[in-house]
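Presented below is the structure to which this report refers.
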There are 2 protein chains.
Amino acid sequence: MDASVPAIVINRLPLYLRALDLMVENDQRLTSSQELAEWLGISSAQIRKDLSHFGEFGKQGTGYEVPFLRDQLRSILNVDQLWDMAVVGAGALGHALVNYGGFAHRSFRVRAVFDVDPDKIGQSINGMAIESQTVMVERLQTMEIKIALLAVPVRAAQHVADLLVKGGVRAILSYAPITITVPNGIQLAYIDPVVALQSMTYYLTPVVT
Amino acid sequence: MDASVPAIVINRLPLYLRALDLMVENDQRLTSSQELAEWLGISSAQIRKDLSHFGEFGKQGTGYEVPFLRDQLRSILNVDQLWDMAVVGAGALGHALVNYGGFAHRSFRVRAVFDVDPDKIGQSINGMAIESQTVMVERLQTMEIKIALLAVPVRAAQHVADLLVKGGVRAILSYAPITITVPNGIQLAYIDPVVALQSMTYYLTPVVT
DNA sequence: TAGATTGTTAATCGATTAACAATC
DNA sequence: TAGATTGTTAATCGATTAACAATC
């Protein structure tokens with residue numbers, strides 16, 4: 001095991017895990033670096049190299065036992081436990097996140113929702129009451145929530161991120177299309193559909209009018 | 001201008017554009033590769049190198065004129081036009097996408113929503129009637145929609161993607177956490193919050209129980 | 001002019017892959 | 001045993017960055 005595994009490798013592991021989860025569902029017992037590679041559209045050598053950062057998980061001539069490799073990846077990624085999350089911002093996006101059915105089976109669950117709008121506070125989403133942002137820092141600490149989904153408007157994003165860190169949150173997934181600054185050691189990732197779309201339109205022929 | 005610009009460069013351009021959009025909003029007239037670099041957390045040399053693939057946009061000693069560089073990037077990315085999009089899947093996520101206010105100002109708009117659920121068809125979201133997936137291929141062709149947001153369950157994702165391609169869609173942004181196969185030349189990107197979260201939990205200390 | 005910043009080159013750094021001995 | 005596939009090495013490939021002449 002390396003002292004430090006490149007981030008680009010870490011970013012691929014969840015994709016391997018996702019593929020293995022699917023195989024487990026289909027009761028597939030064995031796989032190979034080649035099969036995974038074809039499915040994911042990368043090279044088999046890369047998969048073997050990536051895994052070799054963490055140990056030896058396969059058998060020559062046979063490949064990998066699917067449930068075993070899945071468990072190993074879960075352990076490496078620290079998703080062999082259930083992580084509690086907070087959602088901040090109870091707009092359309094916040095609602096969709098709270099109702100998203102894809103978290104539970106993949107080691108995450110939303111345990112709290114916060115907003116600043118007095119009309120929204122007290123209403124419930126998916127059986128969970130929307131709480132005021134004024135109590136957020138305290139609630140995050142009490143609940144020991146370490147992960148937050150940031151679904152507030154751009155103008156509020158940096159301020160809310162500061163509050164999250166104050167509350168002890170250590171990983172933020174921001175849906176606000178703006179660069180956020182966090183202290184060292186706090187994990188930060190972005191989801192911005194427009195960024196993804198604009199990379200694709202580069203390759204599209206513009207519409208001629 | 002290169003024959004082929006690396007994809008990794010293309011993927012950064014929308015981030016530059018996003019930063020410039022913010023500067024324009026703040027009436028900032030000039031910027032430099034160094035300022036952009038600090039804001040985005042990358043090196044100034046990388047920004048200059050990336051831009052150099054497409055031309056010379058700055059002035060020595062002065063930097064870049066913000067509105068000019070923004071327009072150039074828009075043109076390069078083909079987002080100096082408004083792209084019509086279809087949303088497939090009118091669940092919580094589909095609703096959030098149709099209602100998302102962040103598209104309009106950044107060159108995209110949702111013009112059609114499709115679902116298979118008879119109870120949903122005919123209902124309207126944001127003033128737009130949900131249409132049946134049975135008419136989707138035809139409608140996509142008629143409306144000349146080239147971009148689709150895929151917000152259907154995993155089990156339907158590949159089939160719906162096939163239909164989208166049949167309908168003439170050339171770029172798909174999929175929210176379904178599964179690998180999709182599309183013909184050569186069709187652009188495909190994924191948004192999976194769990195993949196982003198699982199990369200972050202790698203760096204978090206597991207909760208000790 | 002003096003200071004600042006670009007665009008570009010060449011060096012460095014890091015990631016990917018081809019190839020194969022080991023071995024199941 | 002014969003065939004298959006791993007884990008690993010070394011070579012290749014590509015991306016990043018330091019440095020600086022050009023010049024605004």
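Order of the sequence lines fixes the chain letters, A, B, ..., with proteins taken first and strands second; residue numbering starts at 1 for each chain.
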Judged by nearest nucleotide, the residue sitting upstream toward the 5' end of DNA chain C, B:Ser32 or A:Arg48, is B:Ser32

- Message: Can you tell me if B:Ser43 touches the phosphate of D:dT16, counting only side-chain N or O atoms and a distance under 4.0 Å to OP1 or OP2?
- Response: no

Considering only heavy side-chain atoms of A:Ile8, the closest of C:dA15, D:dG7, D:dT17 is C:dA15

5'-most contact on DNA chain C (nearest-nucleotide basis), A:Gln46 vs B:Gly63, goes to B:Gly63

- Message: Mind checking if A:Ser33 touches a base, just sugar-phosphate, or nothing, with heavy atoms under 4.0 Å?
- Response: sugar-phosphate

Out of D:dT17, C:dT6, D:dG7, minimum distance to the side chain of B:Ala45 belongs to D:dT17

With the side chain defined as heavy atoms from C-beta on, A:Glu56 is closest, among D:dT5, D:dT8, C:dT8, to D:dT8

Checking N1-N3 plus N6-O4 or O6-N4 for Watson-Crick, or N1-O2 and O6-N3 for wobble, each under 3.5 Å, the partner of C:dG3 is D:dC24

Between CZ of A:Phe57 and P of D:dG7 the distance, given in whole Å, is 8 Å

* To do: On the 0 to 90° scale, with breaks at 30° and 60°, tag the A:Phe108-A:Phe103 ring pair as parallel, tilted or perpendicular.
  => perpendicular

* Asked: Does A:Arg12 have a side-chain nitrogen or oxygen under 4.0 Å from the phosphate oxygens OP1 or OP2 of C:dT16?
  -> yes

A:Gln60 CD to D:dT5 C1', in whole Å, measures 7 Å

Please evaluate residues A:Leu197 and B:Leu173 with respect to the criterion side chain to side chain contact (heavy atoms under 4.5 Å, CB included), reporting the C-alpha separation (whole Å), side-chain torsions for both, the decisive distance (0.1 Å), and the verdict. CA-CA 7 Å; A:Leu197 289 167; B:Leu173 180 56; 4.1 Å; yes

When rounded to whole Å, the CD to C1' distance for the pair B:Gln34 and C:dT6 reads 12 Å

When rounded to whole Å, the NZ to P distance for the pair A:Lys59 and C:dA21 reads 24 Å

Taken to the nearest whole Å, CD1/B:Ile47 to P/D:dA15 is 17 Å

B:Leu51 CG to C:dT8 P, in whole Å, measures 11 Å

B:Tyr64 OH to D:dC24 P, in whole Å, measures 14 Å

Only one of B:Lys166, B:His159, B:Gln158 passes side-chain hydrogen bond (donor to acceptor under 3.5 Å, both in side chains) with B:Asp162, and that residue is B:Gln158

Checking N1-N3 plus N6-O4 or O6-N4 for Watson-Crick, or N1-O2 and O6-N3 for wobble, each under 3.5 Å, the partner of C:dA10 is D:dT17

Original post:
Has A:Glu65 got more than 12 heavy atoms of other residues, nucleotides or ligands less than 6.0 Å from its CD?
Top reply: no

(request) Flag yes if more than 12 heavy atoms outside A:Glu131 fall under 6.0 Å of its CD atom; otherwise flag no. (result) yes

In whole angstroms, the gap separating C1' of C:dG14 from CG of A:Asp50 amounts to 14 Å

Side-chain contact check for A:Lys49: nearest option of D:dT5, C:dT9, D:dT9 is D:dT9

